[in-house]
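Right, one structure below, let's go through it.
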Amino acid sequence: MSDTKGSKRSNTEEEDGSQDSKRLKMANGKTDEKYNPYLAHHYDDNDNSQNGFQSPLDQLQRHNTTAQQAAKLEDLDANPWTSQPHSQRYFGILKSRRDLPVHKQRQEFLDMYHSSQILVFVGETGSGKTTQIPQYVLYDELPHQTGKLIACTQPRRVAAMSVAQRVANELDVELGQEVGYSIRFENRTGPKTMLKYMTDGQLLREAMHDHDMSRYSTIIIDEAHERTLATDILMALLKQIAERRKDLKIIVMSATLDAQKFQTYFFNAPLLAVPGRTFPVEIFYTPEPERDYVEASVRTVLQIHAAEPEGDILLFLTGEEEIEDACRRINLEVDDMIRESDAGPLKVYPLYGTLPPAQQQRIFDKAPEPFRKGGRPGRKCIIATNIAETSLTIDGIVYVVDPGFSKQKIYNPRSRVESLLVSPISKASAQQRAGRAGRTRPGKCFRLYTEKAFKGELIPQTYPEILRSNLANTVLELKKLGVEDLVHFDLMDPPAPETMMRALEELNYLACLDDDGELTKLGSLASEFPLDPALAVMLISSPEFYCSNEMLSITSLLSVPQIFVRPNNARKRADEMKMQFAHPDGDHLTLLNAYHAFKGAEQSGSDVKQWCHEHFLSARHLASADNVRTQLKRIMETHDIELISTPFQDKNYYTNIRRALLAGFFMQVAMREGSNSKTYKTVKDDQLVMIHPSTVVSSPYDWVVYNEFVLTTKQYVRTVTNIRPEWLLEIAPVYYDVDTFEKGEIKTALTRITEKIRRRQAIKGDR
DNA sequence: GAGCACTGC
């Protein structure tokens, strides 16, 4: 390698000053062969490309590249992919790339890649797999010859964006040209793109219209161990496609040692393991189980601060409330410590997903300096949710405090309710958390549970998302992806049959699937929208109710986080402001009013941020609702779904909207238990619920449609709007066929209404 | 009269 470097350097020196003429010739489309010694054997060849540019890549043979050949091309003065001279920065980056653990195994990787259609790649943190493997593939797939792309999927958008930028730098190309990324709302790829980073969900979307993923020669699934819904579906789909398309190469990359499961799943694919580059982390357990883990966490953080050498602390808790509480308690105690025992300064930062980005960024602030020169070191302590386990890495963490819990989504198919529950984490999760202490130097991890509990009670892996979710959306997606036989669709962890049945049933009621389980026209259309089926059906049906513009807004508002802000220190004022937008008939209409006011403020040229602040609305979430609205609107236009409104002066303006809600949400309706009662009973499921206190509805309506069911201290329905029961019979007659109801108040009420309607029609008929 | 783990299309 040092030889190559030497020759490269002398080359650069020789050519010094001739850069401009070189560039000119390249731009003219003529090859300066003297410039590239590797083209010597091409002298007598005819031009083999349209623009007369002969590439050093021509000496590579597809699916036969050696690590040495590729490295030689990487060492050239000119970028073989663009023919532009390499920048200064390029060679610096190249050097650091070759220090990555994965570099040593490039040939081994290529050998496997050449001999197998599917391979599993295990690399721990810091191995460089996410950035390097796709580039190794690039030099072997030679996409400029085949016109096919290499895709590398990521579970999260930021990862796709930042890795693409990094790799573009490494390849010395402009982001969006040879290397790009594609995520929802943003496609930064172009005609020249050969390597594309994308979210796994985005690839699934694409696959809906290209069942064979024919644009790609290679698909790399990264972070497969996270087992997101999209990853699981993608893997099962790729397994099928691999049989049809023998030319498609698949690489599954994972960080866990659970590689065998992936290997077995993928027809015993060969495995390549690359060591990571992390520092050892010493693990400590508590001798006895802790009763109050928040209390124990606070104590542990303070002990570390008092007794351990310099280094930042990361504490894992389960949610916003717990985190803010722990922050307060630590801050309180630390002041005493500083006064009484001359401790150094400790800065505490909360970190959770709903925190505004600017506040999230603060965790990267440097730890505070000691109070005086030579004094006890200052440090920072970050108290985070699981967000710090996967999405965000913070360098400089030396101590991790792990109480062993996180909030996890669970789904109960019987009651059709998804809820969040504080649950013990898995062994894999505990290991991941501990690893956060060893990114820059050796660290320590304090587990606030016993070693016996770790070994005997924690499950090895967190249950994959697919086992914890309502699958209505997934089933619809699969149907659109051309999966005919759901029962035999080979998922890595098949969900419970009851969950599957529930999803099929729900989609059948929504008329997205017919009685044979086949995708209907409506279902096919609904799957085009990045929405839950009920929302999609509601939106598609809305022109029938003359309010598709308004439903477009409401759908968007329901797809983003809560737009009403309610700070702890200004709850009353926030509630008053919200009441300004309140519509007596319910929360959906209130959302719409707030949105219209926001758009009004925007159009009048006000400072929107300021306006939102004054009105206790989240400018960020409103902006993102607007973004979603634009995307949904475009999909509606593409499919010729009419965009119309009832005139605002028309007395049916709001009634039409309330009726339109039912076209998608007729299964989410509740009836009041008695005329003086505050409890409601959900239709068909017979769950007893209360209306969530965040509602603007004050007069207790007898019938409401609700957006979601939440299980917290009580069972609540949230975001509710008043409806009339006769609409149910009219808009969803199949679901509201009285004969299908169990005996009870709801059946009685519906029977009465049915009769009333019949009488009324009879009278009409008589006239 | 209460809350919002985290993602993604």
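Quick note: numbers below take in every heavy atom, side chains included, and nothing from hydrogens, waters or symmetry partners. Lettering follows sequence order; numbering is per chain, from 1.
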| request: Would you please confirm or rule out a distance under 4.0 Å between OP1 or OP2 of dG3(B) and any side-chain N or O of R718(A)? | output: no
| said: Is there a side-chain contact between T318(A) and the phosphate of dA5(B), meaning an N or O under 4.0 Å from OP1 or OP2? | reply: no
At 4.0 Å (heavy atoms only), tell me whether [X] reaches a base, stays on the sugar-phosphate, or touches nothing.
{"X": "S406(A)", "value": "nothing"}
{"X": "R571(A)", "value": "base"}
{"X": "K714(A)", "value": "sugar-phosphate"}
{"X": "Q408(A)", "value": "nothing"}
{"X": "L421(A)", "value": "nothing"}
{"X": "Y352(A)", "value": "sugar-phosphate"}
{"X": "I387(A)", "value": "sugar-phosphate"}
{"X": "K678(A)", "value": "sugar-phosphate"}

Looking only at side chains, do [X] and [Y] share a donor and an acceptor under 3.5 Å apart?
{"X": "T695(A)", "Y": "D587(A)", "result": "yes"}
{"X": "T231(A)", "Y": "T228(A)", "result": "yes"}
{"X": "E186(A)", "Y": "Y181(A)", "result": "yes"}
{"X": "Q154(A)", "Y": "D222(A)", "result": "yes"}

| request: Kindly confirm or rule out a cation-pi arrangement of R362(A) over Y349(A), judged by NZ or CZ under 6.0 Å from the six-membered ring centre and within 45° of its axis? | output: no
Could you state the [atom1]-[atom2] distance from [X] to [N], rounded to the nearest angstrom?
{"X": "Q631(A)", "N": "dG8(B)", "atom1": "CD", "atom2": "C1'", "value": "12 Å"}
{"X": "Q715(A)", "N": "dG3(B)", "atom1": "CD", "atom2": "P", "value": "13 Å"}
{"X": "L711(A)", "N": "dC4(B)", "atom1": "CG", "atom2": "P", "value": "11 Å"}
{"X": "M579(A)", "N": "dG1(B)", "atom1": "CE", "atom2": "C1'", "value": "14 Å"}
{"X": "R566(A)", "N": "dC4(B)", "atom1": "CZ", "atom2": "C1'", "value": "13 Å"}
{"X": "R433(A)", "N": "dA5(B)", "atom1": "CZ", "atom2": "P", "value": "14 Å"}
{"X": "R184(A)", "N": "dG8(B)", "atom1": "CZ", "atom2": "P", "value": "10 Å"}
{"X": "E322(A)", "N": "dC4(B)", "atom1": "CD", "atom2": "P", "value": "14 Å"}

Per [X] side chain, nearest of listed nucleotides [options]:
{"X": "P693(A)", "options": "dC9(B), dA5(B), dA2(B)", "result": "dA2(B)"}
{"X": "Y716(A)", "options": "dA5(B), dG1(B), dC4(B)", "result": "dG1(B)"}
{"X": "K407(A)", "options": "dT7(B), dC4(B), dA2(B)", "result": "dC4(B)"}
{"X": "L420(A)", "options": "dC9(B), dA2(B), dA5(B)", "result": "dA5(B)"}
{"X": "T199(A)", "options": "dG8(B), dG1(B), dG3(B)", "result": "dG8(B)"}

| said: Whether R329(A) and D325(A) form a salt bridge (side-chain N of Lys/Arg under 4.0 Å from carboxylate O of Asp/Glu) is what I want to check. | reply: yes
| remark: Sorted by position of nearest nucleotide on DNA chain B, 5' first, the leading residue of E321(A) and L351(A) is E321(A)
